Amino acid sequence: MPHDQPASAPGPAPADASDHDPAEAPFLGLLATGAAAEEYERPVLRARAGGAAAARLAALERAKLLALRVRTELEDRRRREAELSALYATAHDLAGLRDLDAVLRAIVRRARSLLGTEVAYLTLNDPAAGDTYMRVTDGSVSARFQQLRLAMGEGLGGLVAQTARPYVTDSYFHDERFRHTRTIDSGVRDEGLVAILGVPLLLGSGVIGVLFAADRRERVFEPGQVALLAAHAAHAAVAIDTANLLAETRKTLTELEAANEIIRDRSSVIERASDVHDRLTELVLRGGGVQDVADAVAEVLDGDVEFTEPGRAPAAALDRSRADGHAVRDSADWVAAVRAGGEVLGALVLRGHPALDPVDQRTLERAAMVTSLLLLARRTAGEAEQRVRGELLDDLLDAAARDPRLLRERAARVGADLDAPHVVLAARMSGAPISDGDGPPRPDGTDRRRLWSAASHLAATRHGLAAVRDGGAVLLLPLEPGGDPAHTAREIAARLGTALHVPVTVGASAPVPPPAARPAAVADAYAEARRCREALCALGRAGQGAAAADFGFLGLLLADTRDVDGFVHRTLGAVADYDARRGTELLRTLGAYFACGMSPARTKDELHVHVNTVAQRLERVGRLLGPDWQTPARALEIQLALRLHQLSAAVTRETEE
């Protein structure tokens, strides 16, 4: 083709079009435009396609290689400039941070960005434990990895922390230069890391931690990248030290401010203590009540103060306060035991004051002491009422022929209602009494008086009656509609045990109809309650509460009502109901099974069915009665219930005939 062919004509330039042009010319344009590396092959390919001479092709090859080298140098310089710019920006950002956590998060986030890795993380040394622990991660997904601790010299990070030198591995699990441990390897494997670079965080000549960049695939970290992360770590160490110094300075200033505040408040605390002393003294002199004391202390301490009975106060805190004689902290509250001798009368609870000044603590303790004095005074005044309640209950137990009208009048004077259903409870202290620390345990007579006092207090709060009888106490308490005597027995046992600090066993009767109409029912109910109480002791369940229904078939012997149908229904009701709904013969199979000595083979002969049918029916029985239905105790109850059920059915058939 001629040399003057237009530049826009298609096809490659003729072989001699650039024979006289320098070989470097086409590559200079590519360098100027920042073309991709593959573009540098095209001038050579065009020349070869145009039939250029061998010398020309060789010159172009040399120029291409030189241009690619220049391109690489330019890219390296641009990359280093970008890295230095990013490093400068990082140092500038870190210098503006003051919070340690924010500094650490920024360090790790920038490390990941600078090296373009999937994960970055930072560990700090723990001088007290002598190891290094994971502090901050970015890009991590494994909780186990985020909680790793490394001993000095363990794993790549432990090696960096020990030697104060950067370490890099292209494939962590195939690198034997550092000591692998099961814990560290499990965490790294859980995170899926393969290539890891770690550089020390140096402060002076000491290592305070290690900064890491890692990928979940094999990767070669170039020396320039190692140097870049090391430079970033140097800035990071200074930023960490600065943040720590600022945190210590702020802490010191805070402590100084707190000390000044304590000094300023001390005079006001003393004034408050004097004020509360005067107010409590005035309350006692004018006959104030427990709530008045609580209100006065709440106003002085600027909080919510409540008097609680022993059973409603936090048990552990109440015991500690009783033993120490001081108010004790219970989470965000304070508890001061209100006691008289060895008896706990209740507690003063200050709510919402987790940090209480010692002077205010003594104020709460002094208020608890004043409260105990007021309660003792009120108890003395109430003993007469308690005696009236006890005498009324004694008459109900001993003189069934009393005039109902007089019984109602006497009950009304103490706030009791004998025209409502009640439950009778028989209570007795179990085991040796506990010493209060000031001497040996109290004698039995004192214990009975304490039991009577606690029982009378409970009866008064529930509009019931209480008396001492047969070495224990008896209570007559109103029963709510649908109320459960067994639940009431357990509650009273717990309340009395908490108040007296010894186990108290309580037996309950079945519900008693209105006592004013049937006084004799009270004595019968008391006998039943005593039998339940003695049964608890005989069965090793001292300190608990129960009614006859809690004893299974023994309840038939303990209860006056002999509720046979109720026992049968409680024991076999689920099976009987299933038979009624499905038309099955589970009860008949169950009876034959026990009659045949619990042998499925003999049972199938008795019933004239296949042994698999017996097994399937017994499996259904087990699901209805529970997995323990064949244990000796349950089997005995079930057999008794079966026999009673059969007798009841026979009687019913005879009656119908």
Side-chain angles (χ1 to χ4, degrees), residues 378-379 381-428 448 451-493 495-496 504 506-534 545-550 555 558-563 566:
R378 189 174 67 182
R379 175 181 290 182
E383 284 182 354
E385 179 183 332
Q386 292 176 1
R387 282 194 294 272
V388 172
R389 292 177 182 274
E391 291 169 357
L392 176 56
L393 183 52
D394 283 335
D395 286 346
L396 287 170
L397 292 170
D398 297 331
R402 292 282 184 179
D403 183 358
R405 182 179 58 81
L406 294 177
L407 291 175
R408 289 189 181 92
E409 291 177 358
R410 293 170 60 187
R413 286 197 291 269
V414 293
D417 180 12
L418 296 185
D419 286 315
H422 283 64
V423 61
V424 176
L425 302 128
R428 188 172 65 190
R448 284 196 296 272
L451 175 60
W452 171 72
S453 178
S456 298
H457 176 68
L458 273 178
T461 59
R462 293 176 176 237
H463 305 288
L465 306 175
V468 175
R469 183 166 288 245
D470 302 319
V474 55
L475 297 90
L476 179 67
L477 302 180
L479 191 65
E480 296 292 334
D484 181 13
H487 174 75
T488 304
R490 288 189 289 270
E491 180 185 2
I492 296 301
R495 297 281 296 276
L496 292 176
V504 177
V506 177
S509 70
V512 179
R518 292 183 54 192
V522 177
D524 295 337
Y526 173 56
E528 178 181 337
R530 284 188 62 195
R531 288 195 295 271
C532 291
R533 182 189 67 190
E534 299 308 317
D550 293 324
L558 298 173
D560 286 326
T561 57
R562 303 292 191 269
D563 184 13

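Since we're looking at a predicted model, the values are computed, not measured.
Between Val424 and Ala529, the shortest heavy-atom distance links the atoms O-CB, 3.6 Å. When all heavy atoms of Ala427 and Val506 are compared, the pair lying nearest together is CB-CG2, 3.8 Å. Pairing each heavy atom of Val522 with each of Pro515, the nearest pair is CG2-CB, 3.8 Å. Heavy-atom minimum distance, Trp452 versus Ala467: CD1-C, 4.0 Å. Ser509 and Pro485 get closest at one heavy-atom pair: O-CB, 3.3 Å. Between Asp419 and Ala516, the shortest heavy-atom contact is OD1-CB, 3.5 Å.
Between the CZ atom in Arg469 and the CG atom in Leu393 there is a gap of 7.0 Å [rounded to 0.5 Å]. Atom CD in Glu480 sits 9.5 Å away from atom CZ in Arg462 (nearest 0.5 Å). Note that CG of Leu475 and NE2 of His422 are 11.0 Å apart. Values are rounded to the nearest 0.5 Å. Distance check, rounded to the nearest 0.5 Å: CD1 of Ile492 to CG of Leu458 gives 5.0 Å. Rounding to the nearest 0.5 Å gives a distance of 10.5 Å between NE2 of His487 and CG of Leu479. The line from NE2 of His463 to CG of Leu476 is 14.0 Å long, rounded to the nearest 0.5 Å.
Salt-bridge annotation for Arg533 and Asp470: absent, with no side-chain N of the basic residue lying under 4.0 Å from a carboxylate O of the acidic one. At a threshold of 4.0 Å, the pair Arg405-Glu409 counts as salt-bridged, since one of the basic side-chain nitrogens sits closer than that to a carboxylate oxygen.
The only member of Leu397, Asp398, Leu407 that meets side chain to side chain contact (heavy atoms under 4.5 Å, CB included) when paired with Pro519 is Leu407.
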Side chain to side chain contact (heavy atoms under 4.5 Å, CB included) for Leu465 and Leu396? Distances and angles first, verdict last. CA-CA 10 Å; Leu465 306 175; Leu396 287 170; 4.1 Å; yes
Chi angles and distances behind the side chain to side chain contact (heavy atoms under 4.5 Å, CB included) call for Asp484, Arg490: CA-CA 10 Å; Asp484 181 13; Arg490 288 189 289 270; 4.2 Å; yes
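Applying the salt bridge (Lys or Arg N to Asp or Glu O under 4.0 Å) rule to Asp417 yields no partners; only residues at least two apart in sequence or on another chain are considered.
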